[in-house]
Amino acid sequence: MKIIEYQTIVEEVKEMCKKANYNLGEDVYTAFSQALKTEKSETGREVLSQLIENADIAKAEQVPMCQDTGTAVFIVELGQNCQITGGSLVEAINEGVAKGYGEGYLRNSIIHHPLDRKNTGNNTPAIVHIELVEEEHIVIHMTAKGGGAENMSDLKMLKPSDGVDGIKEYVLDIVKKAGPNACPPLVVGIGIGGNFERCAYLAKKSLFRPIGIRNHDQTIAAMEEELMMEINRLGIGPQGLGGSTTALDVKIEAEACHIAALPVAVNLNCHASRHQTSILM
Ligand code: SF4
């Protein structure tokens, strides 16, 4: 049995929150640089250059790359042979988020209740998804998910007869409707299958996969490539000012579902696609 201290998790999460907001991931940075070579619009290239400069400044000065420092969302692979001592996992994550957002001067964006709209003052509670795994370690994946892109996300219960063409048509429609509001260039996360709530989780989970890494299922990987091409033909472009780089990547996660159902969720991520992973062992 592996023992992991509550305080170890708090400290790790605190640093993850700061790093995610200050340091754009290598995968996103590389995708910006590649897009700069292929972007057809001059304005689009200018926007991409500004995004690269913005990421460089954030990293050099250790300041947030965007004023919206996001909802802290976690997917935790919890080894069933681990014991957390000194408190609960979710408490430790929330304490880490509160410390990270406080010490890091990151904007607090979470409210107590959707109707009273009062800010909790420390960006908690975080959203925590736990997956139990047969390991002796804990893997913490964190994203600081921007509100603008989240607002343009969507879920639809398609009919099985809608098939692949129906899924593509729906995804393209959501990206078109989002236009500039999701702060493109985007990472488009798609969940297919499961049920109503599981499908939304799959779309979110897909966004934790680094840019450029395809789904291991060849059919799904081909769909990711095809949708990527079709989305980039929409002409929305960087920051919605026109161009050929509307998406930096498309990610799909698919799972078993009911014979009568074809749930599809689209979770959009903005160009501030911030994620961190940490392994505690
Ligand atoms: S959606 Fe993303 S880029 Fe847009 S304001 Fe929010 S964090 Fe910033």
Taking all non-hydrogen atoms of both residues into account, name the closest pair between [X] and [Y] and its distance.
X      : Y      : answer
Asn267 : Lys204 : OD1-NZ, 2.8 Å
Ile4   : Cys82  : CD1-SG, 4.2 Å
Gly189 : Ser206 : CA-OG, 3.1 Å
Asn94  : Ala126 : OD1-N, 2.7 Å
Val139 : Thr277 : CG1-CG2, 3.8 Å
Ser109 : Asn123 : N-OD1, 2.6 Å

[atom1]-[atom2] distance between [X] and [Y], expressed to the nearest 0.5 angstrom:
X      : Y      : atom1 : atom2 : result
Ile84  : Tyr6   : CD1   : OH    : 10.5 Å
Lys145 : Thr69  : NZ    : OG1   : 13.5 Å
Arg107 : Asn21  : CZ    : CG    : 10.5 Å
Asp249 : Ile213 : CG    : CD1   : 9.0 Å
Cys270 : Asp68  : SG    : CG    : 7.0 Å
His271 : Leu48  : NE2   : CG    : 10.0 Å

Is [Y] close to [X] at the side-chain level, that is, under 4.5 Å between some pair of heavy atoms?
X      : Y      : result
Phe32  : Leu36  : no
Ile130 : Val90  : yes
Val63  : Tyr105 : no
Gln80  : Glu134 : yes
Leu227 : Ile190 : yes
Ser278 : Glu15  : no
Gln34  : Thr30  : yes
Ile93  : Val76  : yes

### Task
Might you work through the salt bridge (charged side-chain N to carboxylate O under 4.0 Å, His left out) test for Glu135 and Lys2, ending with a clear yes or no?
CA-CA 9 Å; Glu135 300 288 349; Lys2 182 81 191 170; over 6 Å; no

So with a 6.0 Å cut-off around [atom1] of [X], is the heavy-atom count from everything else above 12?
X      : atom1 : answer
Glu53  : CD    : no
Met281 : CE    : no
Gln7   : CD    : yes
Glu42  : CD    : no

Single-linkage hydrophobic cluster, 4.5 Å side-chain cutoff, [X] and [Y] together:
X      : Y      : answer
Val164 : Leu262 : yes
Val47  : Leu234 : no
Val264 : Leu268 : yes
Phe196 : Ile192 : no
Ile231 : Leu207 : no

Do [X] side-chain atoms and [Y] backbone N/O form a donor-acceptor pair below 3.5 Å?
X      : Y      : value
Asn122 : Val97  : no
Asp162 : Lys159 : yes
Thr246 : Asn232 : no
Tyr170 : Ala265 : no
Thr71  : Val73  : no
Glu39  : Thr245 : yes
Asn108 : Gly121 : yes
Asn269 : Leu186 : no
Asn215 : Ile252 : yes

[Y] versus [X], side-chain donor and acceptor atoms under 3.5 Å:
X      : Y      : result
Glu77  : His137 : no
His112 : Thr120 : no
Gln62  : Asn23  : yes

### Task
Check each of Arg209, Lys168, Lys251 against Glu224 using the salt bridge (charged side-chain N to carboxylate O under 4.0 Å, His left out) test, and report the only one that passes.
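Filter result, single survivor: Arg209.
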
### Task
Would you check, one step at a time, whether the test salt bridge (charged side-chain N to carboxylate O under 4.0 Å, His left out) holds for Arg233 with Glu230?
CA-CA 5 Å; Arg233 276 193 216 113; Glu230 290 180 38; 5.2 Å; no

### Listed partners of Ile259 passing side chain to side chain contact (heavy atoms under 4.5 Å, CB included), at least two apart
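Checked Ile259 against side chain to side chain contact (heavy atoms under 4.5 Å, CB included); zero matches.
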
### Message
Tell me every residue that passes side chain to side chain contact (heavy atoms under 4.5 Å, CB included) with Leu202, counting only those two or more places apart in sequence or in another chain.
### Response
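Listed in chain order: Arg198, Glu253, Glu255.
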
### Task
Would you check, one step at a time, whether the test side-chain contact (heavy atoms from CB on, under 4.5 Å) holds for Ile9 with Ile140?
CA-CA 9 Å; Ile9 299 170; Ile140 304 175; 4.2 Å; yes

### Message
Please list all pairs meeting ring-ring contact (aromatic ring centres under 6.0 Å, His included) that have one or both residues in residues 200-244, counting only residues at least two apart or in different chains.
### Response
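Those involving residues 200-244 are His129-Tyr201.
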
